[in-house]
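What follows is a short report on a single structure.
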Amino acid sequence: MSQGLLVVVSGPGGVGKDTLIGMLLARDPRLCYSVSYTTRPRRPYEVDGEHYRFVSEEEFWRLQRAGELLEHAMVDGHLYGTSVERVAEARARGCDVILKIDVQGAEQVRRRVSDAVLIFISPPSMEELRQRRLRRGTETPEQAEARQRLAEVEMGYADRYDHRVVNDDAERAVAQILQILERERQGRQADEAASRPQ
Ligand code: 5GP
């Protein structure tokens with residue numbers, strides 16, 4: 001069996017990554033989601049092991065020192081990281097693994113996994129992004145300002161990604177991502193066929 005893809009999905013907070021990833025997982029059974037480690041406090045609706053693996057800072061750095069993280073980064077004052085072993089195991093089963101990680105993590109994955117597929121999700125405009133986060137209603141005005149500044153920095157990384165998708169309409173964005181993944185799979189199958197001995 002061929003190894004599954006490694007698909008990185010990044011984009012500024014509030015752009016709709018969680019919704020898009022949820023829709024992708026529901027529509028394409030070949031996809032699986034890599035649950036990250038984080039030191040961020042759990043939100044009331046979050047389930048440990050499903051949304052994140054919630055760990056102490058001490059445990060996080062132990063994992064990092066033990067070489068168990070494929071990438072890691074500090075985002076908004078909290079640590080986040082991806083399990084190297086779980087990703088490898090899922091890809092070996094033929095699963096196409098989705099990582100929802102920030103731009104710093106994406107750079108590390110790019111360096112370590114040369115065939116990773118990097119997708120950046122952009123908002124239709126920065127003002128629309130601000131409005132979407134406002135509608136969530138979970139930020140103080142100071143947090144909103146800080147997140148908007150961070151979003152502007154993150155947008156500066158979009159050009160380094162293999163693919164850019166504008167989330168103006170979730171259905172359209174999901175269709176575009178599914179198309180990207182299909183093309184990547186076909187490209188790999190063609191490469192594998194070409195490298196097989198005649
Ligand atoms: P949240 O705490 O709101 O769920 O996520 C905040 C940010 O952390 C998101 O932009 C997300 O992309 C990023 N993030 C989540 N998991 C990881 C991870 O494992 N590694 C990295 N580098 N970033 C992550």
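Indexing begins at 1, ligand by ligand and atom by atom, following the structure's order.
- V113 is listed as a side-chain neighbour of V109, based on a closest heavy-atom distance under 4.5 Å.
- Other residues, nucleotides and ligands contribute more than 12 heavy atoms inside 6.0 Å of the CD atom of E127.
- Between L79 and Y37 the shortest side-chain heavy-atom distance does not fall below 4.5 Å.
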Where does ligand 1 get N/O contacts under 3.5 Å from the protein, atom by atom?
residue	atom	partner	partner atom	Å
ligand 1	2 (O)	R40	NE	2.5
ligand 1	2 (O)	R40	NH2	3.3
ligand 1	2 (O)	Y80	OH	2.5
ligand 1	3 (O)	R43	NH2	3.1
ligand 1	4 (O)	R40	NH2	3.2
ligand 1	4 (O)	Y52	OH	2.5
ligand 1	5 (O)	Y52	OH	3.3
ligand 1	16 (N)	S36	OG	3.3
ligand 1	16 (N)	K100	O	3.4
ligand 1	19 (O)	S36	OG	2.6
ligand 1	19 (O)	E71	OE2	3.3
ligand 1	19 (O)	G81	N	3.4
ligand 1	19 (O)	G81	O	3.3
ligand 1	19 (O)	T82	OG1	3.4
ligand 1	20 (N)	E71	OE1	3.3
ligand 1	20 (N)	E71	OE2	2.8
ligand 1	22 (N)	E71	OE1	2.8
ligand 1	22 (N)	D102	OD1	2.7
ligand 1	23 (N)	D102	N	3.1

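- Contact annotation: the side chain of I177 approaches that of I121 to within less than 4.5 Å [non-hydrogen atoms, C-beta and beyond].
- Shown here is R185, whose CZ atom has more than 12 heavy atoms of other residues, nucleotides or ligands within 6.0 Å.
- Take R172 and apply the salt bridge (charged side-chain N to carboxylate O under 4.0 Å, His left out) test, not counting sequence neighbours, and it matches D168.
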